[in-house]
Structures are given as structure tokens and as C-alpha cells.
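What follows is a single structure, written as C-alpha cells, with notes after it.
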Amino acid sequence: MSSEQHPAGAPEAATYDVAAVEAAWQERWAALDLFTADDASEKPTKYALTMFPYPSGDLHIGHAEVFALHDVIARYWRFRGFEVLNPMGWDSFGLPAENAAIRRDEHPATYTYANIETQLAAMQRYGLSFDWTRRLHTSDPEYYRWTQWLFLKFREQGLAYRKNSPVNWCPQDQTVLANEQVLADGTCERCGAEVTKRELTQWYFRTTEYAQELYDCLDDLQSTWIGKVVNAQRNWIGRSEGAHVRFDVEGHEPLTVFTTRPDTLWGATFMVVAADAKLAAELVTDEQRPALAAYVDEVRKASDIDRLATDRPKSGVFLGVHATNPVTGEQVPVWASDYVLADYGTGAIMAVPAHDQRDLDFAKAFDLPVRRVVDTGEPDPAISGVATTGDGAYVDSGPLEGVADKAEGVRRAIELLEADGRGTGTVNFRLRDWLLSRQRYWGAPIPIVHCPTDGEVAVPEDQLPVELPELRGADLKPKGTSPLGAAREWVETTCPTCGGPAERDTDTMDTFVDSSWYFFRYLSPHDSTQAFDPALAKRWGPIDLYIGGDEHAVLHLLYARFFTKVLRDLGVIDWDEPFSAYLSQGKVINDGRKMSKSLGNGVDLGAQLKEFGVDAVRLTLVFASPPEDNIDWARVSPAGSLKFLQRAWRLAHEVTSEPGADPTTGDAALRAATHRTVHEVEQLVESYRFNVVVARVMELVNVTRKAIDSGCGPADPAVREATEAVAVMLSLVTPYVAEEMWAELGHSPSVSQAAWPVVDEALLVQESVTAVVQVKGKVRARLEVSPDISEADLEAAALAEIADLLADQTVRKVIVRAPKLVNVVV
RNA sequence: GCCCCCGUGCCCCAACCGGCAGAGGGAGUCGCCUUAAAAGCGAUCAGUUCUGGGUUCGAGUCCCAGCGGGGGCACCA
């Protein structure tokens, strides 16, 4: 029957031509300039941000997902009357370009900027509402000039410094790595090679200075960030409360340890220091020195895999010295072992074998005394071999005897230590400083000159940027030191202080430095006088919603938070946290497996777009699951999405009323459905439940379909109202079909400039609702009642309805929840 | 070992404060339309809400224990 409404002789008009529509609208959008953010707008502002891509090849389906999700919120905010800053750029320094340049004997810029153009074209085709006037690339000298400037500012504040230390070294990429870039299995985050250690002098950012604040502010982010990311950062920063305790050592400086259990000090029967740290070498007696050396050798030979195993037997060596337990006055032996880490706490521990399993294992291995000082009611660890860590009554613990609670014991112990100056309560973090030097070419050069007379000298601001020298192909081959070192003309310079001959620092910065502040640069990307305009930071910031992948949970997101706090302390901005809300999208997998080249199961985005069109792919990605869940491409249906879009489009095609037709004269039931849907969609978008948004719009399309076919008919103004609402709501996800519908409905120039449908509250009120009548929680009857029925009336009606069921039973209690439910308890 | 998240029809997923288990999609089955198919339209099938306890008038939802899956940290003192 609906075919009668189609133009005669044109049955193909019942569908639209996806490819033609895409081509037409790309052109029109470009001409309309719809999404440029106005810095001077009077409207309230929103800053929408999505992680900028690295330009390696074309966009893949993961990008397609995150951009589709992100675009929903950016477009929604515009409809809702906000001036929206929605910028995009490229994180364009990095190893893949450099490796490609070596392979192809060219400059990394060639690969980088070619890929940027490819990705730009893909994004434009993808119909995203970015403000392209703010486009930036971190590898442009105009950008990295300010990366260098920030480095110097950090250094002025003592937050960037150089030190010699054992560092993570990737033998494949031939560069050092930050802790955050070494995965849990000891491999390189980028290339998967097994990371080794080297002793090198490198640049660091003092992230530990902000450990406490980075940790504390997570509480505020708990409700607006995705939970697992907050959890991951908490674990990474690793805050522990405890105490520093000083042990005197005959003939040496006192030995300070960090412990979370100062209350067990009475059970500390030996000490252990990290075998490979200076401390061990300083403490060891001459007699024991050969034994320590042999042990350290053995430890160094052990592979990382062995090191990571937590269940291997304890090993160690006695250092020949004793320390004095500050509370018992007892002499306890000092050992060295690899189970104590050099770079956590003080690199030394007090061992309480009765109440720490590692210490107990060590005590058993070397026959050291085990003294129980907390009686938890469990078997004595000295006999059972199982350390007890719970609460219990303190025994043989001097002033702690009588206490039975761990928290209280810890508090009292710290009090005692502080009273006689043997220790202090303290907080210790797992987080380490951020190693930012890299021995690679394609990054921002560190703007420092090394002068034989003046030492480390900052390159003066007016000489920034320190531009990369021209190197290509084989010159870039990794050789363990930075390729920049080979550019002698570039390296050899004059000292800014004394004017004498000096050399440039040849390392470049970790590319995570570039991406730690790009969202500030978007504020004024063309400003050649400053990194960004503080007034605009005040106006737009902080970012209202950031969307990206959770592989950055402890990398980029932590670094960006650190940068923001430092910029605040520099007085440039007044916000404490960069991202008010954070949403991470799941991965797109294929048939239960991660997509990978080796499995050959990658989904080719280009092919999907070609087969189903941009809209259908976007719709599929948004509809498949909640944003944070993974999407298994093998279990979703882009064909089904396209089918739905054709169905929605057909509504617009069939509407016969004129634009501007008064909806209030239209079909009441359809109007109610429309207004309820719009109302619900508003709430769903605002809570990021985009999959349900799509479901609700599908529902409205179904209802409208029925209204046309077997209800009020296509001429009813309510059908126009519903279809226009569908077009506007769909434009959040599928801009092409939405534009087509909007035009088909007689509007111009773009649906993105349409007014968001205004919900008429009166239409949300239902005329009647179904009340459920339960007897002991089981549904026995249903009643159609007015939504504002009183509890008494509802109870009376319900009891009357089920009177026969209750015949000879005593009603013990009646629960009434007007207007939805009555539960009778007999 | 410690911490976080998740288990709902065959599949992806809904269900506001605890109140009728089912919104939407996919797959299946069956009709209508068609010479036929596709498209379109319509109908239909499907469940001990992972298991066991508890709280409650009432539990998918809250609590406890377990099982299964995912993630973070991990000789971190």
C-alpha cells in the first residue's frame, strides 16, 4: 500500500543512493563552514575532545568508533545551545614515521604529512563536526617550539632535571623508555621487545612532586571518569601510608626504612637492603664484599622473566654488619637480597618474618629468627610457615601490649617513634619520575646546550624552536645514541651564556610530552607569541568530555593531568584537572579475537564504508553496545543498520504535509510518542548511553511507520513532527541520511542548524497507567488508572478487583506505590 | 597475592529510587507482496536474569559466599 505514495514509475525512490548522498553533502558542508568555534560567542561553552590520532596509514575501525561516539556529544551540545570547541589534530612525532623513513630512505616528514592528508580526507568523508581551523601537528616547528618552551619552564621550576640512573632500554627501538611504557610482562609498549636495563644520564620530569595531588584528585574524578581508569591510575601511583624508621648501624650512617607496619617493629629480627644498590656496597664489610659481588653478578644474570616471578626461592647474602632495632635495642643482622627493590621506598626494609610472607620465606631460607608480635589467633608463623597479616592482640611489643587493633597499633607506634626522634609517619608512592629523553630523531629536540664552562644552559626563548637538522634514511638508523649526534654542524653551537664553543643536547623528547598539552594549543593554535592564550583557557576549559582508548589509562591521561597541575602552579590556568569527564571506548574485535595482522582478521574500514556507507558504519558502532564495551564486528550488522536508515529516510519521503504545519492539530498518540522519545534521548545522550539513544529513535521510526500505514496517515502534521524529530536526532549519529531527510522535508541549509525539538511537558503526562495488583509479590491483576490517583483510591480499587481471591484470607498488610503497584500481604 | 568491572532469550543488548523481566537490533521460523528472488510489510519463537544463601511485602537490581570472564598493580615492604 505504501508503494502508492511513491512517485509513479520510480520504485527505486523507496531507497536513497548512499554514495551520491555522501558526495553531495561533503561538498555542501565544506561550503557552509558549520563547526568553527567562536571565541567571542555569548553562548555558554563546551569543550569536546577526542584523542588525536598518530598518522600511521589510514584510519582504522577503532578510530571510526571513537570519532562516531565523540561526534554524538559534540553535535548534541551544539543543538542544545552551547558554543562548542571541537578541534582535531595529529600527534605526528614518533617512531613509525622514523622507521618508515629508514626503510624508504627518505625524511620522516614525508611519511608523516602524507598520512595526515590521507587521514584528513577520511575524517572529512566520515562527516565529523570538527573545527578544522584549529588543526595542529605536534611535529610542526610552530608547535614544538612551545613544547620546548614548556620544557624550559618546567626546568626553571626544578621539575625537569637530569640524573644518572638505571633505566629501561628497548634493544629493538634503541632508546630508553619511561616506566609507563614498559608493560607488565617486561616488554616494550611500542614494539614488544624485551626491555633491558642500562645505566644512563637522562632527562626526567619530576612527576613524583605531584604524586599526592594526582592521587587525591582521583576522588573527584571517580564519578565522571570511567571507573577502571581511575582504578588503574590509583594502582599506578600506588599510595601507601606508613613510617620511615631509623636503625643505627655501627660505623655507618643510620639506615632508614619505609614500612607500612611500624606496629610490628618489635618483631623486626633482621634487615634487608637492595643488593644492586649503592647502599649494599656502602654497608658491606670487607670480609663479605666478595660474597656480595658474587651475589650481585648472579642476580644481574637472571633474566627479567625470572625476576618477575614472585614465587621463586629467596636468595641473599649477609653484609657482615648489624643494626640496632630502635625499640628493642636488639642487634639485628643486615642482609642484601634482590627481593628488595632499589627504587621503591628507601631501598631497604626491616624484616618482620612473622607478619610478612616474603620476610618469612627469607628467614626460613637463611635460618633467621621469627618472632610473633601480633596474635591473630592463627598458628604461629614460625611453625606454620604462613605469615599472619591481620588484626590481633600485640604480644612482646612493649607499650603496644593491650592494643588489639591494627590501625590503632600503627598510630601508637608512629607516635612513639616521633616522640623520641627515631621515625616519622610518612606516605610513600610507587610512581616514579617520568623519563622523557629519547635517543631517536623524530621528536622535539631538548632545548639545552652543554657548555664546558657553564654546564647545562637553556636555549634562550627567542632562539626557539631548536629545529631538527635535516636527516634522512640511513642517518636515522638507531645506534644506541641519538641520531642527532651525527649532525655535527647542528650539534656544534655556541654557549648562550659565555659565547664559547658548546654542544646541543642530542636527545629528543618522548612524544607523550607533545600530547600532554595539545588540548591547550587548540585554544589558540596560530598564536606565535605564546603557547596558548590564558584568557581562552579560562573561557573554554577544562575539557567537558574527553573520549579515547583506555590503553592510555596510565600514560597520556596521567601525563596530561601532571602538565595541567604544573601549568596551574605556573599561574597560566586556573583549573586543577584537564578533563572534567572521561569516557573510554571499548575495542573493536573480530569474532572473539583482537584484530591483528598476524591473525589476518582485521576489519577493513574502507571496504565497510564502501559496502554500507558512512552512516551505516557509524550507526553500527554507536548502536552495538554501551560505548565502553568491546564491539565484536562479527556479531553486529551494518547491513541491518543500512536497512534501518533506508526505513527512516522513507518516512521523510512519504510525509505530505507542508513544512511548518501546526503539529498541535496532529495525532495525539504519535505526538506523545515523539515528545517522550525526545525527552528520553536528551537524558540518554547526557549519560552517554548512545546505544539506547539509537534504540529509542528506532522505536519512534517504527511507531511513525505504523501511523503512516495504518493510523493517522502521511498527511497528519504529527507525522511531520515525528519525522523531523527523527532527522534531528539521527543527525547525531548519521549526518548524511539526516541531511537528506531534512532536505526532503523541505528545510535548508543543514540539519545541523535545525532547532532541537522542544519537549512539550504536557505531552509527557500519560492519560492512564497500568497499575499492577500483587498478592504476596505475585501479579494477580492489572488496573488502568489515572497517573495521579491517590493511594487510598488505588488501594480500594485493587482490593475490589481481587476481592474473590482474598475471600477468606486475612489481609495483613497492603503496600501501595501509586500509581504503579499494590501488593497485598496475606 | 591485592584492587576494580562484568555475567539477562541463540547473539548484541534494555529495564529510573528495589515494584509487571523485554525497549531496540541481529539470527531463526511463518505469512503477505512478487512469475521468482531481493527489498518492503506483518507475525512468531525463545528465560530458574551464572550458582547458593541472606535482607525485604517484593530482588536482574542491595548484602554475603562461590563459579566464570575482563582489566589494573605485583617480591611495592
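Residue numbering restarts at 1 for every chain, and letters A, B, ... go by the order of the sequence lines.
Between A:Asp629 atom CG and B:G71 atom C1' the separation is 13 Å, expressed in whole Å. In this entry the distance linking CZ of A:Phe429 with P of B:A77 reads 12 Å, nearest Å. Per the geometry, CG belonging to A:Leu218 stands 13 Å off C1' belonging to B:C4, to the nearest Å. For the pair A:Asp359 CG and B:C75 C1', the computed distance is 10 Å after rounding to whole Å. Atom C1' of nucleotide B:U56 and atom NZ of A:Lys776 are separated by 14 Å, given to the nearest angstrom. Going from atom CG of A:Leu821 over to atom P of B:U56 covers 19 Å, rounded to whole Å. In this structure, CG of A:Asp632 is placed 14 Å from C1' of B:C13, rounded to the nearest angstrom. To the nearest angstrom, C1' of B:G72 lies 11 Å from CD of A:Gln233.
The nearest heavy atom of RNA chain B to A:Gly347 and to A:Lys706 marks one nucleotide each, and the one closer to the 5' end goes with A:Lys706. The nearest heavy atom of RNA chain B to A:Ala771 and to A:Ser625 marks one nucleotide each, and the one closer to the 5' end goes with A:Ser625.
Judged by Watson-Crick or G-U wobble contacts below 3.5 Å, the nucleotide B:G68 has B:C6 as its partner. Nucleotide B:A23 forms a pair with no other nucleotide shown, judged by Watson-Crick or G-U wobble geometry with both contacts under 3.5 Å. B:C30 and B:G42 make up a base pair, with Watson-Crick or G-U wobble contacts both under 3.5 Å. Pairing of B:G1, defined by two Watson-Crick or G-U wobble distances under 3.5 Å, is identified with B:C73.
For the P atom pair drawn from B:C64 and B:G25, the interatomic distance equals 38 Å after rounding to whole Å. Taking the C1' atom of each, B:A21 and B:U49 are spaced 7 Å apart, rounded to whole Å. Of the C1' atoms belonging to B:G40 and B:G47, the separation is 32 Å, rounded to the nearest Å. For the P atom pair drawn from B:C30 and B:G66, the interatomic distance equals 48 Å after rounding to whole Å. Spacing between B:C17 and B:A74 at atom C1', rounded to whole Å, works out to 40 Å. B:C16 and B:G52 are spaced 24 Å apart, taking the P atom of each and rounding to whole Å. As rounded to the nearest Å, B:C11 and B:C3 have P atoms that lie 32 Å from one another. Across the P atoms, B:G24 and B:C62 are found 25 Å apart, a figure rounded to whole Å.
Heavy atoms of other residues, nucleotides or ligands lying less than 6.0 angstrom from NZ of A:Lys406 number more than 12.
Syn is the classification of B:C17, since its glycosidic angle stays within 90° of 0.
Partner of A:Asp615 under the side-chain contact (heavy atoms from CB on, under 4.5 Å) criterion, out of A:Leu645, A:Val21, A:Thr620: A:Leu645 alone.
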Atom pairs and distances, donor-acceptor, side-chain atoms in residues 815-826 of chain A, under 3.5 Å, two or more places apart:
from, atom 1, to, atom 2, distance (Å)
A:Asn823, OD1, A:Lys776, N, 3.4
A:Asn823, OD1, A:Gly777, N, 3.0

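Minimum atom distance to the side chain of A:Arg705 is reached by B:C41, of the listed B:C41, B:C75, B:C73. Among the nucleotides B:C41, B:C13, B:C57, the one closest to any side-chain atom of A:Arg817 is B:C57. Of the listed nucleotides (B:A77, B:C41, B:G19), B:C41 has the atom at the smallest distance from the side chain of A:Asp709. Closest to the A:Asn823 side chain, of the nucleotides B:G19, B:C13, B:G72, is B:G19. With B:G42, B:G71, B:C13 as the candidates, the nucleotide lying closest to the side chain of A:Asn231 is B:G71.
Evaluation of the ring-ring contact (aromatic ring centres under 6.0 Å, His included) test over residues 337-363 of chain A, restricted to residues two or more places apart or in two chains, returns A:Phe270-A:Phe362, A:Trp335-A:Phe362, A:Tyr339-A:Phe362, A:Phe362-A:Phe366.
An OP1 or OP2 oxygen of B:C57 is reached within less than 4.0 angstrom by a side-chain nitrogen or oxygen of A:Lys813. Put simply, A:Ser240 has a side-chain N or O that comes within less than 4.0 Å of OP1 or OP2 on B:A77.
With respect to A:Arg696 and A:Glu682, no salt bridge is recorded, no charged nitrogen being found less than 4.0 Å from a carboxylate O. With respect to A:Arg312 and A:Asp338, a salt bridge is recorded, a charged nitrogen being found less than 4.0 Å from a carboxylate O.
In this structure, A:Thr259 and A:Ile349 have side chains that are not in contact, with every pair of non-hydrogen atoms separated by 4.5 Å or more.
The aromatic rings of A:His244 and A:Phe258 sit perpendicular to each other, their planes meeting at more than 60°, with 30° as the lower class boundary.
In this structure, A:Val352 reaches neither bases nor backbone, as no heavy-atom distance under 4.0 Å exists between it and the strands shown.
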### Message
One character per nucleotide, please: for nucleotides 22-33 of chain B, 5' to 3', B when the base has a protein heavy atom closer than 4.0 Å, S when only the sugar-phosphate does, - otherwise.
### Response
-BBSS-------

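Geometric assessment of A:Arg430 against the ring of A:Trp236 yields a positive cation-pi assignment under the 6.0 Å and 45° thresholds.
Atoms CG and CZ, from A:Leu642 and A:Arg647 in turn, are 13.5 Å apart once rounded to the nearest 0.5 Å.
Between the side chain of A:Asn235 and the base of B:C73, no donor-acceptor pair under 3.5 Å is found. Between the side chain of A:Gln774 and the base of B:G19, a donor-acceptor pair under 3.5 Å is found.
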